[in-house]
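So the structure is just underneath, and the comments pick up after that.
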Amino acid sequence: MTRMLIIGPPGSGKGTQADRISERLGVVAISTGDIFRANVKGETPLGVEAKKYMDAGDFVPDSVTNKMVRDRLSEDDVESGFLLDGYPRTTAQVDYLDEILAKGEQKLDVVLQLTADDEELVHRLLGRAKDTGRSDDNEAVIRHRLDLYHEQTEAVVAKYAERGILTQVDGIGAIDEVTDRVMEAIKAAQAA
Ligand code: AMP
């Protein structure tokens with residue numbers, strides 16, 4: 001049983017690594033970005049609301065995001081653990097997640113942060129934009145998303161560091177190499 005978070009700046013490969021961790025640990029990976037994108041594609045009311053913010057590289061408001069996460073975490077498949085990818089991104093979301101977990105008498109085991117240099121990330125994301133056509137992958141929006149990460153999400157990382165459950169992994173390198181580092185770090189954190 002593992003309950004964990006993966007945090008990283010846009011372009012750090014957290015979605016790719018999350019899928020691999022999920023497979024290896026046998027826990028469900030929940031990506032708030034993927035849930036939003038699926039809703040945008042399906043043109044649901046949630047998707048229509050979220051799209052405005054996503055296209056600008058802004059955070060979707062907590063009033064929308066928190067409820068969506070709470071609902072997802074009440075589903076049966078999270079009973080054997082979960083890996084949250086892309087949430088929490090603000091300290092207010094940390095507080096909200098704390099409440100959800102406290103109600104279920106649950107706690108997080110590991111918070112994994114993938115690190116990478118901003119210029120490398122911009123370079124990677126501009127490359128990804130060509131392949132995926134993601135509407136939030138142009139340079140101005142990419143830089144805005146990175147700024148938000150530094151301004152808001154680094155404070156989230158600091159909170160988990162204070163709690164002693166943070167483990168950091170260098171996200172630069174071949175995908176398989178990063179996965180090896182990630183799995184080692186999780187093992188070490190679980191043994192601690
Ligand atoms: P991601 O795929 O994790 O990079 O997320 C893509 C976009 O979805 C972000 O740029 C935000 O607009 C939105 N998003 C994802 N997770 C959150 C969150 N925890 N809080 C607010 N907005 C989010």
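We count ligands from 1, going down the list as the structure has it; atoms in each ligand are counted the same way. We count residues from 1, following the sequence as given.
On a distance-only criterion, Y87 and ligand 1 share no N/O pair closer than 3.5 Å. Checked by distance only, ligand 1 and D85 stay at 3.5 Å or farther apart across all their nitrogen or oxygen atoms.
Scanning all protein heavy atoms for the shortest distance to atom 16 (N) of ligand 1 gives T32 OG1, 2.7 Å. Scanning all protein heavy atoms for the shortest distance to atom 19 (N) of ligand 1 gives G86 O, 2.9 Å. Of the protein's non-hydrogen atoms, R37 NH1, 3.5 Å is the one closest to atom 6 (C) of ligand 1. In this structure, the protein non-hydrogen atom closest to atom 22 (N) of ligand 1 is V60 N, 3.0 Å. Scanning the protein heavy atoms around atom 9 (C) of ligand 1, the nearest turns out to be R89 NH2, 3.9 Å.
Closest heavy-atom approach to atom 7 (C) of ligand 1 among the candidates R145, M68, M54, Q152: M54. Nearest to atom 12 (O) of ligand 1 by heavy-atom distance, out of D58, D62, L148, is D58.
Of all the atoms in ligand 1, the ones that sit under 4.0 Å from a non-hydrogen atom of Q93 are 18 (C), 19 (N), 20 (N), 21 (C). Ligand-side atoms of ligand 1 in range of K14: 3 (O), range being under 4.0 angstrom from any heavy atom.
Heavy-atom neighbours of H123 NE2 from other residues, nucleotides or ligands within 6.0 Å: at or below the threshold of 12. The environment of I100 atom CD1 is dense: over 12 non-hydrogen atoms of other residues, nucleotides or ligands sit within 6.0 angstrom.
Checking each of L83, L97, D85 against L5 for a side-chain contact (heavy atoms from CB on, under 4.5 Å) leaves exactly one that passes, namely L97. The salt bridge (charged side-chain N to carboxylate O under 4.0 Å, His left out) test with D98 singles out one residue from K107, R163, K159, and that residue is R163.
Ion pairing of D19 with K14 is absent here, as no side-chain N (NZ or NE/NH1/NH2) approaches a carboxylate O to less than 4.0 Å. Using a 4.0 Å cut-off between charged side-chain N and carboxylate O, D176 and R20 make a salt bridge.
At a heavy-atom distance under 4.0 Å, only side-chain atoms of F36, from C-beta outward, approach ligand 1.
Checking side-chain atoms of T153 against main-chain N and O of R89 turns up a donor-acceptor pair under 3.5 Å.
Between T2 and D109, the side chains place no donor N or O within less than 3.5 Å of an acceptor N or O (distance only, hydrogens not considered).
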